[in-house]
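To start, the structure itself, in structure tokens.
Numbering starts at 1 and runs along the sequence shown.
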Amino acid sequence: MTAVPAIARASPADAGAIAQFQITAWRQTYRGLVPDAFLDGMDAASSAERWAQRLATGARDAAIALAGGRMVAVASTHRSLTARHLPELELRTLYLAPEVHGTGLADRMMDATIGHDAAHLLVFDVNERAQRFYRRHGFAPVGGTLRDPGTGLAEQRWVRARRDA
């Protein structure tokens, strides 16, 4: 990849592309780790509707990265005050196309979505690459192991405090 990906804030008009990108990322990353029926049952149309609603209502704030007119990354956050022991900001989505792994784009996506803020996220126990990345960004596991209801995979909540600029 020669073009440096440009990062932009996502809008409801991006919902279809985000949905398709996320489904492709899940299938590439988790095939063989989660049931094929779950991955094969992912529906781009219903996912696009959910993304459009989330982005239109402000339930999610998202950034996308484009290179050569093609989406190569998406990251999204959600703010909630429901869990008092956790930071308000949750990183809900961070997916990159395989060809941009190791280029620094994931770092840029983190800066675009959570910056230096305190935040939390869920990460699958089997996703060691993601765990190394999040640890490098100041996150650490808290609490016990949870079970993702859709995939059946074990996951943990990771938290980081606000970082100095």
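Qualifying side chain to side chain donor-acceptor pair (under 3.5 Å) partners for Q131, counting only residues two or more places apart in sequence or in other chains: none. With sequence neighbours excluded, the residues forming a side-chain contact (heavy atoms from CB on, under 4.5 Å) with A73 are A65, L96, L105, M109, listed by chain and number. Taking Y134 as the reference, nothing meets the side chain to side chain donor-acceptor pair (under 3.5 Å) condition, with sequence neighbours excluded. For F133, the ring pair (Phe, Tyr, Trp, His ring centres under 6.0 Å) test picks out H137, with sequence neighbours left out. Applying the ring pair (Phe, Tyr, Trp, His ring centres under 6.0 Å) test to F21 and every residue at least two apart in sequence or in another chain returns nothing. Residues passing the side chain to side chain donor-acceptor pair (under 3.5 Å) test with T113: none are found, sequence neighbours excluded.
Pairs of residues two or more places apart, or lying in two chains, that qualify as salt bridge (Lys or Arg N to Asp or Glu O under 4.0 Å) and include a residue from residues 114-124 are R79-D117, D117-R162. The side-chain hydrogen bond (donor to acceptor under 3.5 Å, both in side chains) pairs that include a residue from residues 146-157 are E90-R157, H120-R157, D148-T151, where partners are two or more places apart or lie in different chains. The salt bridge (Lys or Arg N to Asp or Glu O under 4.0 Å) analysis of residues 29-53, with sequence neighbours excluded, yields the pairs R31-D36, R31-D40. Residue pairs satisfying the salt bridge (Lys or Arg N to Asp or Glu O under 4.0 Å) criterion with at least one member in residues 122-146, sequence neighbours excluded, are listed as follows: D107-R136.
Connectivity analysis of hydrophobic side chains (ILVMFWY, heavy atoms under 4.5 Å, direct or indirect) links L122 to L146.
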Just distance, no hydrogens or angles: give the donor-acceptor pairs under 3.5 Å from side chains in residues 10-20, sequence neighbours left out.
{"residue": "S11", "atom": "OG", "partner": "A13", "partner atom": "N", "Å": "3.3"}
{"residue": "D14", "atom": "OD2", "partner": "S11", "partner atom": "N", "Å": "2.8"}

